[in-house]
Protein chains: 2
Amino acid sequence: MTPIVESFVLHFGEMGSRWGFNRTVGQMYALLVVNKEPLTANQLAETLNISRGNVSMGIKELMSWQLINTKHVPGDRKEYYQALGSIWDMAIKVFEERRKREVDPTLTMLRDVLLQTPANEQEAYAQEKLHEIHDLLETVTTWSKELQSMSPEKLNTLMKLGSGVGKVLEFKDKVMSSVNSG
Amino acid sequence: MTPIVESFVLHFGEMGSRWGFNRTVGQMYALLVVNKEPLTANQLAETLNISRGNVSMGIKELMSWQLINTKHVPGDRKEYYQALGSIWDMAIKVFEERRKREVDPTLTMLRDVLLQTPANEQEAYAQEKLHEIHDLLETVTTWSKELQSMSPEKLNTLMKLGSGVGKVLEFKDKVMSSVNSG
DNA sequence: CTGAAGTTTCAATATTTTCTGAAAGTTTAA
DNA sequence: TTAAACTTTCAGAAAATATTGAAACTTCAG
């Protein structure tokens, strides 16, 4: 590993735990991202100085995140792995996967709890709060799903617009209301 | 704890680790959110069956996330704790804090690495990828900061608009270009 | 079939993180 | 001051998580 690659790989390993996967999975992913050529499981193990078994589990994990692909080289029995398409694709995958793991279970739980009848004043207050949390999470989830279905270019336009989006919204409201009233 | 509160608290404890804090911190926070009245550290420890020391550390953590407030009751020496303002405020705080912990350090590292001169073909490819990641993270960071500065109502309008925002963007482009050319 | 080349599994071990509780620290009323 | 009421700290114990490596499994060419 060259120094540039090494610092990236090590950093990604450390951050890994914050991003929802462990150190070695983070390192493996980082290495695959910056390598033009796909790598074998053994190459990963050797380069990162981790056991072959650990690599096997890490691959399973990255596959479940749909962040890597297998690639077969004709005449070679080994499996080669490479990071998914573009950086945007990867970001969207990570975002989506985290939503599934971090938000969806909570939404399910909240829906269940909100079906129950509050037994007293205190529970009524609690349920009110849970209702607010539920609505917020649902709005955010729906929104993020819709954003994900937009093309990267459009998303980019939207983001670059930044808070200017507020202006556009006001503008739209004005036009809409003048159309409605006129 | 009533059953409704208990299931919420336990769930939040389990999810806690995915949200960036540990089980007991998650439980403490959940309990404070659904309690109208502020609670003392001892009440938290007793209700959740955890040690007083653990509560003290958890409070420190929640304070650093700016998710709870202290409240003083006149004539009482104990400190009372309560969850911050609205659910929106809390969501924005969590989002912001996570960005600081999960994205900012990576951006810093990427900036450093991008200053270096690639030593060979392979490093050039790696740097190219790192550049893409950097730009993406920067765009997202800037955007999320700008969104945070918008009022909850406006944010809500924007989210409820969903992917319809694409339509509004097209519309804006059309108007802009006709203004420019006309 | 057979065995070489490769992959996965999982019990045991190592590492990291969390939690406890006693001791030290702080604040305040008298 | 003093001491009671309360909070924080932190070393060690407990729990959770990650890692290894040897054995089991799979696949395929001959």
Side-chain angles (χ1 to χ4, degrees), chain A residues 9-32 38-65 68-82 98 101-102, chain B residues 9-32 38-65 68-82 98 101-102:
Chain A
V9 165
L10 293 182
H11 176 90
F12 235 66
E14 295 320 309
M15 295 309 279
S17 54
R18 300 194 174 180
W19 279 93
F21 31 74
N22 68 34
R23 187 159 50 88
T24 44
V25 171
Q27 292 182 353
M28 286 170 55
Y29 184 54
L31 194 53
L32 288 173
L39 298 174
T40 64
N42 279 324
Q43 285 176 309
L44 286 167
E46 277 164 38
T47 312
L48 300 172
N49 271 302
I50 56 180
S51 75
R52 187 59 188 70
N54 199 355
V55 168
S56 182
M57 290 187 295
I59 287 170
K60 210 166 141 191
E61 174 89 359
L62 287 171
M63 286 291 204
S64 86
W65 283 76
I68 60 171
N69 273 155
T70 45
K71 194 177 187 188
H72 289 278
V73 170
D76 191 338
R77 212 147 119 197
K78 292 187 280 300
E79 302 236 43
Y80 285 78
Y81 302 95
Q82 65 189 352
R98 293 186 78 182
R101 294 167 190 226
E102 299 178 355
Chain B
V9 165
L10 293 182
H11 176 90
F12 235 66
E14 295 321 310
M15 296 308 281
S17 53
R18 301 194 174 179
W19 280 93
F21 31 74
N22 67 35
R23 187 160 52 86
T24 43
V25 172
Q27 292 182 354
M28 288 170 55
Y29 184 55
L31 193 53
L32 289 173
L39 299 172
T40 64
N42 279 325
Q43 286 177 308
L44 286 168
E46 278 163 35
T47 312
L48 300 173
N49 271 300
I50 55 180
S51 76
R52 187 60 188 69
N54 199 356
V55 168
S56 183
M57 289 188 295
I59 286 170
K60 208 167 143 192
E61 174 88 0
L62 288 171
M63 287 290 205
S64 86
W65 282 75
I68 60 172
N69 273 157
T70 44
K71 194 175 189 188
H72 289 278
V73 170
D76 191 337
R77 210 145 120 200
K78 292 187 280 301
E79 303 237 43
Y80 285 77
Y81 302 95
Q82 65 189 353
R98 293 188 76 183
R101 293 166 190 226
E102 299 178 355

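Heavy-atom basis, side chains included; hydrogens, waters and symmetry copies ignored. Labels below follow one simple rule: chain letters A, B, ... track the order of the sequence lines, proteins then strands, and each chain is numbered from 1.
One atom, CD1 of B:Ile59, and another, P of D:dT9, lie 12 Å apart when rounded to the nearest Å. Between A:Asp76 atom CG and D:dC28 atom P there is a gap of 13 Å when expressed in whole angstrom units. Going from atom CD of A:Glu61 over to atom C1' of D:dA18 covers 12 Å, rounded to whole Å. Across the protein-nucleic acid pair, A:Glu46 atom CD and C:dG6 atom P stand 12 Å apart, rounded to whole Å. For the pair A:Gln43 CD and C:dG6 P, the interatomic distance rounds to 11 Å; values are reported in whole Å. For the pair B:Tyr81 OH and D:dT7 C1', the interatomic distance rounds to 7 Å; values are reported in whole Å.
A:Leu32 has its side chain within reach of A:Leu44: a pair of non-hydrogen atoms, C-beta onward, lies under 4.5 Å apart. Using a 4.5 Å heavy-atom threshold, the side chains of B:Met63 and B:Ile59 count as touching. Taking the side chain as every heavy atom from C-beta outward, A:Ser56 and A:Arg52 approach each other to under 4.5 Å.
The aromatic rings of B:Trp65 and B:Phe21 lie perpendicular to each other, with more than 60° between the two planes, well past the 30° mark.
A donor-acceptor pair is defined here as one N or O able to donate and one able to accept, closer than 3.5 Å; no such pair exists between the side chain of B:Arg101 and the backbone of A:Arg18.
Using a 4.0 Å heavy-atom criterion, one finds that B:Ile50 contacts the sugar-phosphate atoms exclusively.
Each of D:dT7, C:dT20, C:dT7 was ranked by its minimum atom distance to the side chain of B:Asn42; first place goes to D:dT7.
Ranked by how close their nearest DNA chain C nucleotide is to the 5' end, B:Asn49 and A:Lys60 are led by A:Lys60.
Between B:Met28 and B:Gly58, the shortest heavy-atom contact is CE-C, 3.8 Å. Across all their heavy atoms, B:Pro38 and B:Gln82 have their closest contact at CB-CB, 3.9 Å. Among all heavy-atom pairs drawn from A:Trp19 and A:Arg98, the shortest one is CE3-NH1, 3.0 Å.
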Exercise for review: List the steps and the verdict of side-chain contact (heavy atoms from CB on, under 4.5 Å) for B:Tyr81 and B:Thr40.
Suggested key: CA-CA 6 Å; B:Tyr81 302 95; B:Thr40 64; 5.9 Å; no

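Shown for residues 14-31 of chain B: no residue has heavy atoms falling under 4.0 angstrom of DNA chain D.
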Point to revise | Under 4.0 Å protein heavy-atom contacts per nucleotide of nucleotides 21-30 of chain C, with B for base, S for backbone only and - for none | key: B-----BB--

